[in-house]
Asker: 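I have a structure I would like to understand better, so I am pasting it below and will then ask my questions one at a time.
Both counts, for ligands and for their atoms, begin at 1 and track the order of listing. Heads up: numbering here begins at 1 and tracks the sequence. What's counted below: heavy atoms across the whole structure, side chains too, no hydrogens, waters or symmetry copies.
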Amino acid sequence: MRSFKLKRSMTLFMSGFFFVAFSFGSLAFGAEKKADPLPTDAMAMVKQRQLSPDDVYAAVSTFMPSGKYDDYIMFASGGHSGQVFAIGLPSMRVLRTIAVFTPEPWQGYGYGVKESAIANPVVGGDGEKILWGDSHHPALSETKGEYDGQFLFIGDKAHGRVAVIDLRDYETKQIVNSNLVHNDHGGCFVTPDTEYVIEGSQYAEPLGGVYAPLSEYKEKYRAAAVFWKFNRDKGRIEPENSFAIELPPYWQDLADAGKGPSDGWAFFNSFNTEMATGGIEEGNPPFEAGTTQHDMDYLHVINWKKAEEVVRSGKTTLINNFKVISLQTAIDEGILYFVPEPKSPHGVDVTPSGKYMVVAGKLDPHVTVFGIEKIKKAIADKDFEGKDPFGVPIIRFDSAMVAQVELGLGPLHTQFDNQGYAYTSLFLDSAIARWTLGDDKFKTPEKPWTLVSKTPVQFNVGHIAAAEGDTVNPAGQYLVSLNKWSVDRFSHIGPLLPQNLQLLDISKPGDSLRVMYDLPIGFGEPHYAQIIKISRLKTWDIYPEVGWDALKQSKAEVTALQGRIEKSADKVEIFMPAIRSHFDPEHVEVEEGQKVVWHITNLERTLDATHGFSINGYNIVASIEPGETVTVEFTAKRPGVYPFYCVEFCSALHLEMTGYFLVKPKQAPANS
Ligand code: K7E
Ligand code: CUA
């Protein structure tokens with residue numbers, strides 16, 4: 001990969017050169033000029049396709065010649081497809097889907113393979129597996145506030161769950177559920193050293209999945225901020241060491257973790273502080289009217305370091321076995337404060353220095369910037385304007401606010417670069433606003449806290465993601481606009497149109513942002529994304545250890561790994577190596593009703609030599625990467641003869657990579 005670096009920068013240099021020379025070439029593309037650096041046939045193509053200089057610049061900046069690698073990987077949530085997409089930048093090529101909350105047969109995820117994390121039932125349910133999720137906000141693990149490339153977390157808005165993906169093999173390893181609420185939205189956000197993965201609920205409900213009528217909304221309905229303890233060595237969340245904080249029944253929206261001077265704090269937006277309960281059919285105002293009455297909602301300011309101490313001292317109650325700090329304890333112990341924030345905000349984003357929190361009010365044309373030092377001082381001075389109906393102290397708006405910047409209509413989410421600019425998506429304007437952070441770390445040509453430019457995007461932008469834009473050191477260079485509507489951008493392929501992810505070049509200061517590339521996503525609705533330098537990832541090419549059940553064999557033993565079948569009274573266990581182009585054994589016979597435990601190990605040590613495994617008629621399909629072992633467990637309840645085969649076209653004799661699974665009926669059918 002490294003060896004491509006030089007060639008790649010050469011390519012960029014050359015393309016810059018082409019563009020400069022090209023623009024100076026008086027824009028008469030057809031004119032024959034000796035110094036013309038584009039080959040004649042390329043110039044002819046530019047002319048034939050009527051490409052503008054901007055088009056040519058965009059093309060040469062994003063085109064990735066075969067075999068060359070991207071500089072960044074973007075992990076985009078898949079919305080209600082339940083998955084995560086890995087996309088290369090700047091080429092905007094979709095490299096793979098990571099199956100998370102939804103079964104995915106190509107990866108053999110959720111079709112009988114034991115390792116699939118999907119089997120996490122919903123709170124209050126009867127144990128029924130949930131077969132989809134609404135993945136919203138991916139969060140890369142961080143070390144000292146920078147992405148470390150080890151893990152990716154993603155929240156499931158639809159079921160209040162959080163998944164852990166290991167970036168060595170891009171596989172989902174764990175899905176956790178606090179069993180407090182049925183939905184979340186303020187997740188995932190990680191603390192600067194990934195001590196915690198933060199998840200905030202969205203719509204209030206009685207905690208723990210129990211029933212209470214809507215007439216008891218104020219008394220019984222609640223929200224929760226969940227702090228999942230992450231064990232980096234194990235690569236797993238530890239539910240037993242995690243906790244939640246009970247919150248009033250407002251609807252909490254996005255969250256972010258503090259860093260630097262705001263490390264130890266977490267910030268959650270809210271809306272519906274009106275506590276509207278809807279009921280259009282009963283003559284009540286619909287939610288869209290009921291939840292938008294107040295001019296101010298509350299930014300929830302949470303001291304999680306203090307909450308951690310309170311948990312350690314045992315001042316928690318258990319709900320469905322999950323530790324919860326009650327609302328009263330959170331108030332008494334100085335864990336929870338409110339700051340008024342304008343009108344139904346959506347995103348709250350902590351700036352790279354950690355000094356400021358940027359709140360975007362969907363129904364307010366401004367972003368409002370709060371300062372952590374001001375907030376800390378107001379708390380110390382008890383500079384409160386009062387309490388909310390639940391007794392939470394409200395810090396005076398003016399005591400916390402640093403700046404308000406008017407940007408346009410429908411501000412949603414904010415990102416940051418390495419030049420001192422912030423970027424905010426404007427949903428209603430369909431534009432990206434660039435504005436200056438008044439952070440003394442940077443010196444921008446424009447004055448602090450001012451709007452610099454608005455760049456149109458197509459259309460209705462939700463989130464935006466800047467390269468390493470959530471870290472203490474954003475990379476700048478690129479920003480992706482995750483647009484909800486594509487309308488007229490692509491050929492119509494039915495009334496359900498793709499999302500449009502647009503790549504913008506943000507490297508130049510001043511007012512120039514360039515839209516470089518349109519990527520239609522026709523298989524999900526990405527909400528948020530994070531973009532990481534590829535050099536930070538330590539992805540495996542092949543699994544380093546080979547063997548079943550974590551057995552570690554020497555190289556010689558691996559090569560000699562033999563298949564075997566162990567039969568006992570209650571089960572049949574199969575140990576089966578797979579290597580081009582056979583399985584061993586090829587005949588597996590069991591009795592109807594027997595439990596089958598089938599381990600398949602791919603013995604290949606060659607990049608990309610994946611084998612598959614499927615038992616047709618038993619809803620089983622697995623993908624086994626070189627060196628990987630997967631285990632399938634099932635009951636042989638249907639007698640008959642079932643061919644099994646490799647589902648990846650792995651070799652010239654791939655069709656021969658097969659076998660017979662025979663299930664003998666309990667009683668042989670009577671001969672006629
Ligand atoms: Cu789509 Cu972050 Cu769930 Cu905004 S959220 S767009
Ligand atoms: Cu192995 Cu096809």
Asker: What protein N/O/S atoms lie closer than 2.8 Å to atom 3 (Cu) of ligand 1?
Answerer: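 Metal shell, protein only: His136 ND1, His185 NE2.
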
Asker: For Arg222, is there an ion pair with Glu205 - N to carboxylate O distance below 4.0 angstrom?
Answerer: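 Result for this pair is no, no salt bridge flagged.
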
Asker: If you leave out waters, which protein N, O or S atoms are less than 2.8 Å from atom 2 (Cu) of ligand 2?
Answerer: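 Counting only protein N, O or S atoms under 2.8 Å from atom 2 (Cu) of ligand 2, the list reads Cys646 SG, Glu648 O, Cys650 SG, His654 ND1.
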
Asker: Are Phe416 and Tyr421 an aromatic pair by the rule of ring centers under 6.0 Å?
Answerer: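 Ring centroids of Phe416 and Tyr421 are no less than 6.0 Å from each other.
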
Asker: Any atoms of ligand 1 less than 4.0 Å from a non-hydrogen atom of His413? List them with their elements.
Answerer: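 Checking each atom against His413, I get 2 (Cu), 4 (Cu), 6 (S).
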
Asker: May I ask you to check whether Trp304 and Tyr196 place their ring centres under 6.0 Å from each other?
Answerer: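 Under 6.0 Å, so yes.
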
Asker: Is the closest basic N to carboxylate O distance between Asp429 and Lys454 below 4.0 Å?
Answerer: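 Between Lys454 and Asp429 there is a salt bridge, with a charged N closer than 4.0 Å to a carboxylate O.
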
Asker: Is there a donor-acceptor pair under 3.5 Å between the side chain of Arg489 and the backbone N or O of Gln499?
Answerer: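 No, the answer is negative, given that no donor and acceptor are paired below the 3.5 Å cut-off.
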
Asker: Does a side-chain heavy-atom distance below 4.5 Å link Val461 with Ser430?
Answerer: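 Side-chain contact under 4.5 Å: no.
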
Asker: So do Gln404 and Pro342 actually touch side chain to side chain, heavy atoms under 4.5 Å?
Answerer: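 With C-beta onward as the side chain, the pair touches.
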
Asker: Taking the six-membered ring for Trp and the full ring for Phe, Tyr or His, determine whether the centres of His463 and His527 are under 6.0 Å apart.
Answerer: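 Ring centroids of His463 and His527 are no less than 6.0 Å from each other.
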
Asker: Closer than 4.0 angstrom, basic N to acidic O: yes or no for Asp184 and Lys157?
Answerer: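 No.
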
Asker: Answer yes or no for Lys343 and Phe271: cation-pi contact, defined as NZ/CZ to six-membered ring centre under 6.0 Å and angle to ring axis within 45°.
Answerer: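 No; the conditions do not both hold, so Lys343 does not lie above the ring face of Phe271.
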
